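First up is the structure itself, then whatever we jot down about it.
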Amino acid sequence: CSPSRAGELHPRLHDLIGTLARADSPQLGRYTHCEPTSTGLALISPFVEGPTLADLLIRRGRFPARVVAEIGRQALLGLATLERLGVVHGDLRSANVRLKRDGVVVLVDGGLRPLLHPVETVHAGLPADHYDGIAPELLNKLHPATPQSHLYALGCLLWQLLVGRPVFPGGSPLVKLASHHSRTPPQLLDQAPETPPRLRELVESLMRPDPLQRPLSATQLLTIWESTCGAAPALIRQFRREFAAPVPLRRQVRGSRPMAGLAAVALLLVTLWSAGRVSLPVVGRDAELVENGGEGAAPADSSPANLA
């Protein structure tokens with residue numbers, strides 16, 4: 001934060017550190033302390049091992065539906081813990097979710113953005129991806145962030161994992177804010193038709209523009225989610241291993257050797273023909289002219305000699 005706001009934010013950040021220290025969920029990242037710097041305040045948090053969802057999206061594109069369902073379940077575990085502590089995550093996006101090697105999905109930077117930017121605006125100077133899950137109601141200055149707000153962000157995140165791109169991929173923060181405010185998210189049936197119907201319904205229920213039509217809380221939705229999709233942390237471990245293994249050597253495409261052999265034979269024939277040691281067959285209209293001895297037929301003594 002800026003030096004001008006350091007005095008205002010320091011006690012609030014200290015309270016956030018103490019609140020998250022009481023969290024008993026492995027799905028939540030925590031903060032250790034807050035330090036003054038020459039540019040304001042720095043909030044220190046332990047390092048969380050593992051790539052972010054943003055990193056994995058770049059490397060592989062959209063995720064398998066079963067993996068997305070497990071990421072959603074574990075994210076709900078973290079959000080339910082935040083709700084019990086009276087904290088709204090406020091910045092749930094692909095860059096703030098990490099997949100650990102042991103299969104645990106970890107939400108980082110929880111509760112920080114609502115303190116730094118209580119009103120969503122393009123003047124905050126944040127990169128465009130920070131606006132990929134902004135709930136429409138947050139564009140109203142009188143509407144604070146609520147559990148329904150971070151459920152909307154979770155829906156946008158899971159939609160992005162299933163489709164491989166943000167819900168509204170416009171490049172600027174202004175375009176993204178306007179789209180979340182005035183447009184209905186595209187249906188998953190059109191964008192990722194292979195998504196199981198029940199998972200599709202759950203994700204789209206999170207993205208309803210009216211917060212009153214979304215699930216009441218992550219705690220309530222978690223029960224429904226687990227009864228519908230089950231729990232499969234082993235899927236995340238396997239998914240992580242795919243990216244930890246070295247990239248295999250590229251195999252030769254089947255059929256490339258025969259094609260290479262044909263190319264070599266063709267090159268040899270052209271070389272022999274150029275040297276006058278082989279005659280190539282004449283096809284098409286030229287063949288007809290040669291056979292009939294018509295106009296345009298090559299004289300007999302002008303053809304390359306056959307091999308003796």
Side-chain angles (χ1 to χ4, degrees), residues 52-80 89 91-97 99 105 107 128-139 147-171 175-218 220-233 235-236 238-239 242:
T52 68
L53 296 182
D55 295 332
L56 297 179
L57 275 169
I58 293 173
R59 292 186 60 181
R60 66 151 293 137
R62 58 185 183 175
F63 289 21
R66 293 180 64 199
V67 172
V68 175
E70 177 59 19
I71 291 173
R73 184 189 73 85
Q74 294 198 41
L76 286 171
L77 284 170
L79 294 179
H89 189 284
D91 197 16
L92 190 56
R93 53 193 172 92
S94 60
N96 280 344
V97 182
L99 301 189
V105 177
L107 315 182
D129 71 296
H130 286 246
Y131 300 93
D132 281 336
I134 296 297
E137 66 271 13
L138 294 181
L139 302 181
Q148 283 73 33
S149 304
H150 61 205
L151 288 180
Y152 180 90
L154 176 61
C156 291
L157 173 61
L158 299 179
W159 193 101
Q160 181 180 5
L161 298 181
L162 289 166
V163 177
R165 64 167 178 82
V167 178
F168 299 116
V175 170
K176 288 180 181 288
L177 284 174
S179 297
H180 283 288
H181 182 260
S182 60
R183 295 172 57 189
T184 301
Q187 293 189 352
L188 276 172
L189 183 60
D190 298 328
Q191 306 296 322
E194 71 282 357
T195 305
R198 191 61 182 124
L199 176 60
R200 183 172 67 239
E201 293 170 4
L202 288 171
V203 171
E204 291 181 342
S205 73
L206 298 171
M207 303 169 64
R208 293 168 182 155
D210 184 354
L212 297 180
Q213 294 183 357
R214 298 174 209 148
L216 293 177
S217 66
Q220 178 202 54
L221 181 59
L222 181 60
T223 303
I224 301 172
W225 197 283
E226 290 184 333
S227 64
T228 302
C229 302
L235 279 176
I236 305 298
Q238 179 182 351
F239 192 64
E242 294 178 8

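Values reported hereafter were calculated over all heavy atoms of this structure, with side chains retained and with hydrogens, waters and symmetry mates removed. Just so it is clear, the structure is predicted and the values come from calculations on it, not from any experiment.
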Note to self: Let me confirm one number: the CE-CG distance from Met207 to Leu202, rounded to the nearest 0.5 Å.
What the structure shows: 13.0 Å

Next item on the list: If the plane angle is over 60° it's perpendicular, under 30° parallel, otherwise tilted; pick one for His180 and Phe168.
Entry: perpendicular

Item checked: Any Ile134 side-chain heavy atom under 4.5 Å of Lys176 side chain -> no

Check: What's the shortest heavy-atom distance between Ala218 and Ala80, and which atoms?
Finding: CB-N, 3.7 Å

Notebook entry, point to check: Between Leu76 and Leu151, does a side chain to side chain contact (heavy atoms under 4.5 Å, CB included) hold up when you go through it step by step?
Noted result: CA-CA 9 Å; Leu76 286 171; Leu151 288 180; 4.0 Å; yes

Note to self: Set out, in order, the CA-CA distance, both residues' side-chain angles and the distance that settles side chain to side chain contact (heavy atoms under 4.5 Å, CB included) for Val68 and Val203, then state yes or no.
What the structure shows: CA-CA 10 Å; Val68 175; Val203 171; 5.6 Å; no

Note to self: Taking Cys156's backbone N and O only, do any of them form a donor-acceptor pair with Gln160's side chain (distance below 3.5 Å, no angle check)?
What the structure shows: no

Next item on the list: Using the side chain to side chain donor-acceptor pair (under 3.5 Å) rule, take Gln191 and Arg165 through it: C-alpha gap first, then chi angles, then the decisive distance, then the call.
Entry: CA-CA 10 Å; Gln191 306 296 322; Arg165 64 167 178 82; 3.2 Å; yes

Next item on the list: Any chance you could measure Leu188, atom CG, to Thr195, atom OG1, to the nearest 0.5 Å?
Entry: 5.5 Å

Check: What distance separates Asp132 CG from Leu157 CG, expressed to the nearest 0.5 Å?
Finding: 9.5 Å

Note to self: What I'd like to find out is whether the side chain of Leu57 reaches to under 4.5 Å of the side chain of Thr52, using heavy atoms alone.
What the structure shows: no

Notebook entry, point to check: Under 3.5 Å, side chain of Trp225 to main-chain N/O of Glu70, donor-acceptor pair present?
Noted result: no

Next item on the list: For the residue pair Arg73 and Pro233, establish whether any side-chain heavy-atom pair is separated by less than 4.5 Å.
Entry: yes

Note to self: Check this for me, if you would: do Arg214 and Glu137 make a salt bridge, where the nitrogen-to-carboxylate-oxygen distance has to be below 4.0 angstrom?
What the structure shows: yes

Item checked: Nearest non-hydrogen partners of Ala192 and Leu162, listed with the distance -> CB-O, 3.8 Å

Notebook entry, point to check: Given side chains that start at C-beta, do those of Trp159 and Pro166 come closer than 4.5 Å, heavy atoms only?
Noted result: no

Note to self: Checking the side chain of His89 only, and the main-chain atoms of His150 only, is there a donor and an acceptor separated by less than 3.5 Å?
What the structure shows: no

Item checked: Which atom of Ala65 lies closest to which atom of Pro196, heavy atoms considered -> CB-CD, 3.5 Å

Check: What are the two closest non-hydrogen atoms of Gly133 and Tyr152, and how far apart are they?
Finding: O-CD2, 3.7 Å

Check: Looking at CD of Glu201 and OG1 of Thr228, how far apart are the two atoms once the value is rounded to the nearest 0.5 Å?
Finding: 9.0 Å

Notebook entry, point to check: Short question: side chain of Arg208, backbone of Gln213 - any donor-acceptor pair under 3.5 Å?
Noted result: yes

Check: Any side-chain heavy-atom pair from Leu79 and Leu92 closer than 4.5 angstrom?
Finding: yes

Next item on the list: Measure across Leu107 and Ala75 and return the closest heavy-atom pair with its distance rounded to 0.1 Å.
Entry: CD1-O, 3.7 Å

Margin query: Please determine whether a side-chain nitrogen of the Lys or Arg among Glu194 and Arg200 lies less than 4.0 Å from a carboxylate oxygen of the Asp or Glu.
Written below: no

Notebook entry, point to check: Which value, rounded to the nearest 0.5 Å, describes the distance between Ser217 atom OG and Leu222 atom CG?
Noted result: 9.5 Å

Notebook entry, point to check: Roughly how far, to the nearest 0.5 Å, is the OG atom of Ser205 from the CD1 atom of Ile224?
Noted result: 8.0 Å

Next item on the list: Report yes if some heavy atom in the side chain of Arg60 is under 4.5 Å from a heavy atom in the side chain of Phe63; otherwise report no.
Entry: yes

Next item on the list: State, with a plain yes or no, whether a side-chain heavy atom of Arg93 is found less than 4.5 Å away from one of Asp91.
Entry: yes

Check: So, do Arg62 and Val163 sit near enough that their side-chain heavy atoms are less than 4.5 Å apart?
Finding: no

